[in-house]
Amino acid sequence: MSIDPNLLDDLNARGLVHDSTDATRLAERLASSPVRAYVGFDPTADSLHVGNLVGLLMLRRLQDAGHNVIVLAGGATGMVGDPSGKSAERSLLDDEQLAANISGILPQLQQFLDFDSTDNPATLLDNRAWTVGFSYLDFLRDVGKFVTVNQMVAKDSVRSRMESSDGISYTEFSYMLLQAYDFAWLFEHEGCEMQMGGSDQWGNIVTGMDLIRKKVGGSAYGLTWPLLTRSDGSKYGKTAGGETIWLSAEKFSPYAFYQSWIRIEDAEIEKLLLQLTLMPVADVHAVMSEHAEAPHKRVAQTRLAVELTTLVHGPEATAGAQEATAAVFGGSVADLSADALAMLAMELPTFNASREVLGSEGALVPLLSESGITASNSEANRLLKQNGVSINDVKVPTDHVIHSADLLHGRFALVRKGKKHLSLVVFDQP
RNA sequence: GGGUCGGUGCCCGAGUGGCCAAAGGGAGCGGACUGUAAAUCCGCCGGCUUCGCCUACGGAGGUUCGAAUCCUCCUCGGCCCA
């Protein structure tokens, strides 16, 4: 397979290069022959989240351009915790949790890359393989000796934590060495010449390159991408409500995933299309100019949502999310067919309720809190008072009594909190 | 080990005996305006059987008519000294 000589230009055009080792040399190296490169992912949870997408796609871009990529699962580093970009010490994961996390993440890592390619199949490795058997004394002699504390302390990630009131534990302080050792090991045993990561990984990557130079006598490449942030500077990967946007359909429904992209503000949309999708740069520009002509149609948001949901959850789930969206934000809820409602039941938070509450006074408030639509009766009362609840698209007052005649198809109540928060209450069969 | 300062609601952070469910900011939620956007404005933002009651200011006791505020012990953290 031939390699794409324009890879680096493409990455630059997308704004995906934050920092790299000597740009000219890197460009030459990437254009001459396939490079082996890796990105590491620590199993801090049982699913990856949106914040990991850029890294996964970076590997994909490299692979598509003809290079050899390694996905590194941080089974060992995950035990320690990376202080980079973290303001506080993290709690340690126990073995059981870690094992569960790894098994949740592995299929996600695999889904973005081609492991069966005859030319340049991707490789999946776990750094436990070369770390668990490494004794502490050996580590101090073989790795620690090559790195001075002076340079470690100078790294931003460490310094900011040393200056904070919480401090940094020796454990997290040592993280950098583990990651550096990973890079050196991969360089030596897997012919891996390049490490990529988010911009907060620069210090760790550079430490790895130093180690390679001193310990192995080789020279490696490093590249970081900018951390994805909103226009207000906050990190991505969370909903407006602060919920993490997981890639796992169990933890975050495809519908909710799709919706979170539909709601992206205009100022962000081009950057996200460039950095989070595989769309050619020219296509992105075309979509953006179409969007600029009629912003209220939100074609760019729709495109982003479709691209990403398809990438993460597949075309079927995307179609389902689109249908649900059309039903709920398009026409009239009252016109929904029973089939459409059954489909919505799979996409929206759903709660089963007893028909006893129908026609009974004061049943609405407890129904709202029991279904999780509101966190408490107080909140439910408050929300109703503020005119924030509608059932089947009709705003309801505090003393509203639900009657069976109000239900769609005799048993469905689509409860809307504000404009965007929807839940489906399904009543028992009559 | 000694000294010292501190631990307040989702977060930051005021409060140093009653006027404290606890200022202010942020986040969040609802409403208006819109394009399921941004900006702006208004309201809400511990719980409950909601004109009142209960739970809360690291934990446990105590002083007091009354404590987030005072005392004792414990615990956790910062800083300084050893």
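Just so it is clear, the model here is predicted, and its values are computed rather than measured.
- A/N377 has a side-chain polar atom (N or O) that falls below the 4.0 Å cut-off from OP1 or OP2 of B/U49.
- Under 3.5 Å, the side chains of A/Q259 and A/R263 contain a donor-acceptor pair of N or O atoms.
- Closest to the side chain of A/K395, out of B/C48, B/G31, B/A37, is B/G31.
- Spacing of C1' atoms, B/A56 relative to B/U8, comes out at 10 Å, to the nearest Å.
- Side-chain atoms of A/D19 and A/T224 include no donor-acceptor pair closer than 3.5 Å.
- One P atom belongs to B/C41, the other to B/C51, and the distance between them is 33 Å to the nearest Å.
- The base of B/G31 has none of its N or O atoms less than 3.5 Å from a complementary donor or acceptor on the side chain of A/Q386.
- Relative to the side chain of A/R298, the nucleotides B/C44, B/U50, B/U36 differ in distance, and B/U36 lies closest.
- The separation of B/C57 from B/G9, taken at their C1' atoms, amounts to 8 Å, rounded to a whole angstrom.
- A side-chain donor from one of A/Q301 and A/D266 sits under 3.5 Å from a side-chain acceptor of the other.
- Nucleotide B/G31 holds its C1' atom 15 Å from the CZ atom of A/R416, rounded to whole Å.
- Between A/S376 and B/C48 there is a side-chain N or O to OP1 or OP2 distance below 4.0 Å.
- Counting any heavy atom pair closer than 4.0 Å across all strands shown, A/E379 reaches no nucleic acid atom.
- Using atom P as the reference point in both B/G15 and B/C65, the two lie 28 Å apart (nearest Å).
- For the C1' atoms, the distance linking B/U34 with B/G24 amounts to 31 Å, nearest Å.
- In this structure, A/I262 reaches the bases: a heavy-atom distance under 4.0 Å links it to at least one base atom across the strands shown.
- As judged by a 4.0 angstrom heavy-atom cut-off over every strand, A/R382 is placed among residues touching the sugar-phosphate backbone only.
- Across every strand in view, B/C20 sits unpaired, with no contact that passes the Watson-Crick or G-U test at under 3.5 angstrom.
- Residues A/D182 and A/W130 bring a donor and an acceptor atom of their side chains to less than 3.5 Å of each other.
- Between A/K420 and B/A37 there is a side-chain N or O to OP1 or OP2 distance below 4.0 Å.
- Using a distance-only test at 3.5 Å, with no hydrogens or angles considered, no donor-acceptor pair links the side chain of A/N392 to the main chain of A/A413.
- Counting only distance, with no hydrogens or angles, the side chain of A/D126 and the backbone of A/R128 share a donor-acceptor pair below 3.5 Å.
- Among the heavy atoms of the strands lying under 4.0 Å from A/K417 are primed sugar atoms or P, OP1, OP2 only; no base atom is included.
- Both A/A326 and A/S378 sit near RNA chain B, but only A/A326 has its closest nucleotide nearer the 5' end.
- In the set B/A38, B/C29, B/U36, B/A38 carries the atom at the smallest distance from any side-chain atom of A/E265.
- You won't find any donor-acceptor pair under 3.5 Å spanning the side chain of A/K385 and the base of B/U50, going by distance alone.
- For A/Q301, taking side-chain heavy atoms from C-beta onward, the closest of the listed nucleotides B/C48, B/G30, B/G35 is B/G35.
- Using P as the reference atom, B/A27 and B/U72 are 41 Å apart when rounded to the nearest Å.
- Taking all atoms of both residues into account, the shortest heavy-atom contact from A/T244 to A/F252 is O-CD1, 3.5 Å.
- Using a 4.0 Å heavy-atom distance criterion, A/T325 is classed as a base contact.
- In terms of phosphate contacts, A/H296 brings no side-chain nitrogen or oxygen within less than 4.0 Å of OP1 or OP2 of B/U34.
- Using atom C1' as the reference point in both B/C33 and B/G43, the two lie 15 Å apart (nearest Å).
- Across all strands shown, A/N387 has heavy atoms under 4.0 Å from sugar-phosphate atoms exclusively, and none from any base.
- When the C1' atom is used for both B/A21 and B/G52, the distance is 14 Å, rounded to whole Å.
- Between A/H291 and A/G418, the residue whose closest nucleotide on RNA chain B is further toward the 5' end is A/G418.
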